[in-house]
*Asks:* 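Mind looking over this structure? Questions follow.
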Amino acid sequence: MECDHKVVGYISLAYDKSKVFCDGDACIIAGSEDKMKTYIQERGSSKYTGESIIKKTRFAELWRGLSMGAVYQFDIESFSRFQDILKANNLENKIKEIVLNRSEVKQETFFNISLE
């Protein structure tokens with residue numbers, strides 16, 4: 001797809017790439033590198049603070065993960081990008097569930113997404 005290379009947001013990986021920064025079962029997708037750093041600090045994840053790689057994640061990577069059963073937690077900025085790509089490619093009907101999630105810290109809004 002033409003949209004495969006579009007950047008949706010940022011993920012955080014441990015340096016050895018064995019772990020992805022998650023909240024429960026959902027991997028967190030941030031709208032910017034700075035936002036990801038903030039989420040890591042706010043959630044008190046010492047195993048990621050200062051020991052992680054924050055990298056861009058593209059639509060194809062996320063779609064592949066969703067296809068394999070992954071659940072992602074998008075902040076508002078990354079969700080907006082993801083949703084725009086879904087709409088532009090008529091993929092909205094493939095989404096099984098979108099759950100609005102409020103973070104206890106600073107009342108941030110997140111959207112958990114999984115495929116049908």
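Along the sequence shown, residues carry numbers from 1.
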*Asks:* Could you tell me the separation between the CD1 atom of Ile28 and the SG atom of Cys22, rounded to the nearest 0.5 Å?
*Replies:*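 Rounded to the nearest 0.5 Å, the CD1-SG separation comes out at 7.0 Å.
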
*Asks:* In terms of hydrophobic clusters joined by side-chain contacts under 4.5 Å, are Val20 and Leu62 together?
*Replies:*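 Same cluster: Val20 reaches Leu62 through Ile, Leu, Val, Met, Phe, Trp or Tyr contacts under 4.5 Å.
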
*Asks:* Hey, does the side chain of Arg81 reach the backbone of Lys6 with a donor-acceptor pair shorter than 3.5 angstrom?
*Replies:*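 Pair absent, no side-chain N/O of Arg81 close to backbone of Lys6.
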
*Asks:* Any salt bridge (Lys or Arg N to Asp or Glu O under 4.0 Å) pairs touching residues 64-75, not counting sequence neighbours?
*Replies:*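 For residues 64-75: none.
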
*Asks:* Hydrophobic clustering (ILVMFWY, side-chain heavy atoms < 4.5 Å, transitive) - are Phe74 and Val7 grouped together?
*Replies:*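 Different clusters.
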
*Asks:* Taking atom CZ of Phe21 and atom CD1 of Ile53, what is their separation to the nearest 0.5 Å?
*Replies:*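 If we round to the nearest 0.5 Å, Phe21:CZ and Ile53:CD1 are 15.5 Å apart.
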
*Asks:* Would Ile11 and Cys27 satisfy side chain to side chain contact (heavy atoms under 4.5 Å, CB included), going step by step from the backbone distance to the final call?
*Replies:* CA-CA 8 Å; Ile11 62 169; Cys27 299; 5.9 Å; no

*Asks:* Minimum heavy-atom separation for Lys87 and Glu92, please, with both atom names.
*Replies:*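 Distance-wise, the nearest heavy atoms are CG-OE2, 3.1 Å.
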
*Asks:* Could you check whether any side-chain heavy atom of Leu91 comes within less than 4.5 Å of a side-chain heavy atom of Phe59, counting everything from C-beta outward?
*Replies:*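 Sidechains of Phe59 and Leu91: in contact.
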
*Asks:* With a 6.0 Å cut-off (strictly less than), is the heavy-atom count around NZ of Lys56, excluding the residue itself, greater than 12?
*Replies:*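 It does not: Lys56 NZ has 12 such atoms or fewer within range.
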
*Asks:* Find the distance between OH (Tyr10) and CD1 (Ile29) and round it off to the nearest 0.5 Å.
*Replies:*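 These two atoms lie 12.0 Å from each other.
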
*Asks:* Rounded to the nearest 0.5 Å, what separates atom CG in Asp25 from atom OH in Tyr72?
*Replies:*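 With rounding to 0.5 Å, CG (Asp25) is 13.0 Å from OH (Tyr72).
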
*Asks:* Applying side chain to side chain contact (heavy atoms under 4.5 Å, CB included), run through Leu66 and Trp63 and close with a yes or a no.
*Replies:* CA-CA 5 Å; Leu66 285 166; Trp63 195 254; 4.2 Å; yes

*Asks:* For the CD atom of Gln41 and the CE atom of Met36, what is their distance to the nearest 0.5 Å?
*Replies:*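 The CE atom of Met36 is 12.5 Å from CD of Gln41, to the nearest 0.5 Å.
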
